[in-house]
Each structure stands twice: as structure tokens, then as C-alpha cells.
Amino acid sequence: MRVLFTIFPATAHLYPVVPLAYALQSAGHEVCVATTPDLAADITAVGLKAVPVGEPVDLGAVLQRVAAEDNLERLAGRLGIDEAGLADPEVRKSVRYHMISMITLGHPSPSTGRVALADLVDFARSWSPDLVLWDPMCFGAAVAARASGAAHARVLWGIDLFARFQDAYVDVLNDPGDLGEDLLIDALAPTMRQGGLAYDRELLYGQWSVDLMPQRMSREETGLRYLPVRRVAYNGPGVYPEWLLTPPKKPRVCLTMGMSMRKYFEEDEALVTELLATAAGLDAEVVATVDAGQFAADYVLPDNVRTIDYVPLDLVLPTCAAIVHHGGTGTYAAAVAHEVPQLILPTPMGDHLALSRYVAERGGGLYTERADFSPEVVREQLVRLLSEPSFRQGATELRRDLLASPSPVDSLPALEKLTAQYSR
């Protein structure tokens, strides 16, 4: 069968689907990946076929636009979210996700007027996929599936925050009222009208969802159909650096704020500097995935810190006794795969905090919310991770949770059966 992945244009959204794409290709299925042209080189670098749609997207500008509080407040009002609810980081993230996704697929390019979703529909009609697997931040990708008669499902790389307000979005999208283009609610309307389609639950949820999160993690009570598939920790291609081939003389700690955090959230640079200062004098070797050129010219790294621009985590983590990170699902999955205890400083982005709590509850690590951060607390927690065997045992339990879901290869029969059931 032919399988079209549609992903949000960020590497952190490509890597979670690569193992499933490989499994499909190895089984003889045709696979390609559609997104804006920004990510074409990354897609081909991992050995997959890229389908560029629309124009390049300035994600930094998109994030700034979506962060406008007046937009968020007005949309929240239409979704029935009160002030107390809007203070919940999970709620805010869910609403912002929807707004971001409307821009990336449905909004015309400022320079050419091209709409990525229209290009995607054209490609789907031409290529005729049997199955479209779409990133939940590719809001509207299901339109292309329906236009071509393909079965379609979301691929959940994180907790299903999208399910919380989807039904309310149907009402808003069909009747935007005074929200208007300022909120990007009608960004998809031209393509929808062209296809003679109206918004409904299936276009928002998919016919089912491929869930890469551990089955032990709570899901929203949505009544939706989920197909659990094991999240395989894929971190991209890389080359073993020579220093990594020598066993560390002291416990090694990896410090990373994730690819997306480094690129789009500059405020984490100050946090990294504080964390490196915390590492000074610690009886451990710290490997930090930051570019030394980002620091001030007079900044002096602690003697026990090594900075690296980028090395895939699945190369570094087998040599590590602990990892300090931001709570991203990709980093979490890599740590779990290698049974490395985690110290998480979750970004205020909803599922990062929920994931941190899950890790702590299972005994595989500790977390500190950003509002409670202090170098003293982080140092104390890191010392505990390195010295208390219970955290390594908890990391083993987290890996067992991961292995409870079928691998991408083992999930193929169920995926093929669902495709045959839903395709037209």
C-alpha cells in the first residue's frame, strides 16, 4: 500500500515517525513524507522521500504571532474556557497548538499566496495514497485523505491534548462569528469550500490514532480509537566522535534542552548557563548539547563540562548515568530506551509537566518546575540520581512500560487491517 506521512515542519516532529516509516518500507509499502520545503533535506537525510507543499515557514515568527494574549483570550472564551482553566499550561498549549497548526497548513504564504494544504490535496489526489498518517499539528491534513479516498489516522507523539477541545472547535470552525481571520480560524475555509467539505469529528480526530505514548499514561476520556505503537528512540543520523569511544572516568551526565528548545526558545540559554554553573565541582563529567559559541566571549566553562553542537542521544546516553532535560517526548524516549535516570526541568508547555510527573511516579527520575528552580535544588537532585540505585531501577520500570506496546514492525498487521477497513 501507499502511505503518506504529513508532519509539522520541525525535526522534532519528523524523528518520532521515522521508525514506523522504516517498518512500512521494509514490509514493501511505499512511503513518502509531506511538509513545507523547510524540512525536505532532513527527510531525505534519513532515507525517506520528501513531498514539499506550500512555502517555507518562519516558525519563530509563527510562535510569536500565536503567543499574542488577546488572540488566546478570545479563542478561549469561544471554547468555554474560564480564566482559571486558561491558567492551566495544558489548556494553553492545546489552544496554541491548534492556532499554530492552522497557520502552517492552511494560511496563505505572505509572498506567493500559496496554501500548503491546497498543495497537499493536489498531491494526494495525484499519488492516491491508501493511508495518510498525520501529525496532530497538521490540522486539516485529513482533508487531503478524504479528497483522495485514503484511510487516515493521527500519529500522537505526545499526550493527546488535542482531544480536549476538538468538539468545541467543530462549532467554532463552522461558525467563527467575530473571531475572524485575526485568529486564523478561517485559514482553512477556502480549501474546505473547494472540496465541498464541512468540519466534522473525523477531520479533527482521524479515523483512529496511532499512539506512541506509554499505555500507562492517562488518556482523555474521548471515546476515540487508539492503536498503541512503541515509541522507538530515533535521534537522527550521526557519527561517533572519538571521545565517546573512551569510557568516562567519572559518572557522565548529559544536559540537553532539545532541538526545538535550542532553536526557538532563547530564554533557555540563561537556564543552561545556570545549570552549567551548578555542575562546577560536581564529581561527574557533564556533556552539554549546546554550541559554545552561544556563550559570551568572556564566559569560562567549568572544567568538568564538555559542549557538543549535536550528537544523537542514542550514541551518548549508553555511556551516561543521568540526563538533565526539558521534558520533551523525544528526549524522554531516548532516556527510557537506555534506562537512564532523568532530572527534568519541564518547559511550561503542558505535556512536558505531565511527562515529568509520570517519570517521577514510576521512580525513574525527579523534576523541578521552572518557577521553583534554584541551582541548589537541582544540584541536590542530581546528586541523588547519581548516588541512589532506586532511580536506575525506576528507569528499568519505565523501559518495561515502553516495551508493553507493540513495536512498529509488530503493529503493521493492525495498521494494514484498519487501512483496509476505512479506505474508500
Can you check whether [X] reaches [Y] side chain to side chain, under 4.5 Å on heavy atoms?
{"X": "Leu20", "Y": "Tyr234", "value": "no"}
{"X": "Thr329", "Y": "Pro16", "value": "no"}
{"X": "Leu282", "Y": "Lys250", "value": "no"}
{"X": "Gln25", "Y": "Val3", "value": "no"}
{"X": "Arg231", "Y": "Tyr332", "value": "no"}
{"X": "Leu120", "Y": "Leu4", "value": "yes"}
{"X": "Met1", "Y": "Leu24", "value": "yes"}
{"X": "Leu343", "Y": "Arg384", "value": "no"}

Distance (rounded to the nearest 0.5 Å) between [X] [atom1] and [Y] [atom2]:
{"X": "Tyr15", "Y": "Asn235", "atom1": "OH", "atom2": "CG", "value": "8.0 Å"}
{"X": "Ile7", "Y": "Ile43", "atom1": "CD1", "atom2": "CD1", "value": "4.5 Å"}
{"X": "Ile159", "Y": "His352", "atom1": "CD1", "atom2": "NE2", "value": "9.5 Å"}
{"X": "Arg225", "Y": "Gln207", "atom1": "CZ", "atom2": "CD", "value": "10.5 Å"}
{"X": "Tyr367", "Y": "Leu355", "atom1": "OH", "atom2": "CG", "value": "11.5 Å"}
{"X": "Thr278", "Y": "Glu380", "atom1": "OG1", "atom2": "CD", "value": "12.5 Å"}

Item to check | Worked verdict on Leu156 versus Leu212 for side chain to side chain contact (heavy atoms under 4.5 Å, CB included) | outcome: CA-CA 6 Å; Leu156 300 173; Leu212 301 180; 6.0 Å; no
Please give me the minimum heavy-atom distance between [X] and [Y], naming the atom from each residue.
{"X": "Pro129", "Y": "Ala150", "value": "O-CB, 3.2 Å"}
{"X": "Ala147", "Y": "Arg125", "value": "CB-NE, 3.6 Å"}
{"X": "Arg230", "Y": "Leu403", "value": "NH2-O, 3.6 Å"}
{"X": "Leu203", "Y": "Trp134", "value": "O-CH2, 3.8 Å"}
{"X": "Asp401", "Y": "Arg362", "value": "OD2-NE, 2.9 Å"}
{"X": "Asp130", "Y": "Arg2", "value": "OD2-N, 2.7 Å"}

Does [X] use its side chain to pair, donor to acceptor, with the backbone of [Y] at less than 3.5 Å?
{"X": "Arg306", "Y": "Val287", "answer": "no"}
{"X": "Ser411", "Y": "Pro408", "answer": "yes"}
{"X": "Thr419", "Y": "Ala151", "answer": "no"}
{"X": "Thr331", "Y": "Gly327", "answer": "no"}
{"X": "His325", "Y": "Thr256", "answer": "no"}
{"X": "Arg399", "Y": "Ala337", "answer": "yes"}
{"X": "Arg370", "Y": "Leu345", "answer": "yes"}
{"X": "Asp135", "Y": "Thr6", "answer": "no"}
{"X": "Glu285", "Y": "Arg252", "answer": "no"}
{"X": "Asn304", "Y": "Ala279", "answer": "yes"}

Checklist entry - Would you say Glu242 has more than 12 foreign heavy atoms packed within less than 6.0 Å of its CD? => result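 Open.
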Next on the checklist: Just by distance, no angles: are the side chains of Thr347 and His326 close enough, under 3.5 Å, to form a donor-acceptor pair?
Outcome noted: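 Short answer, no.
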Item to check | Any donor-acceptor N or O pair under 3.5 Å, side chains Asp211, Ser209 | outcome: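 No.
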Next on the checklist: Would Glu55 and Thr36 count as a side chain to side chain contact (heavy atoms under 4.5 Å, CB included) here? Give the steps.
Outcome noted: CA-CA 6 Å; Glu55 298 290 338; Thr36 59; over 6 Å; no
Next on the checklist: Using 30° and 60° as the class boundaries, would you call the ring planes of Trp157 and His13 parallel, tilted or perpendicular?
Outcome noted: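 Trp157 vs His13 ring planes: perpendicular.
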Item to check | Working for side chain to side chain contact (heavy atoms under 4.5 Å, CB included), residues Leu48 and Phe5 | outcome: CA-CA 10 Å; Leu48 298 173; Phe5 285 86; over 6 Å; no
Checklist entry - Going through the checks in order, is the salt bridge (Lys or Arg N to Asp or Glu O under 4.0 Å) test met by Arg400 and Glu397? => result CA-CA 5 Å; Arg400 287 177 181 156; Glu397 291 300 314; 2.4 Å; yes
Checklist entry - Run the side chain to side chain contact (heavy atoms under 4.5 Å, CB included) check on Tyr358 and Leu398 step by step: do they pass? => result CA-CA 9 Å; Tyr358 168 69; Leu398 286 173; 3.6 Å; yes
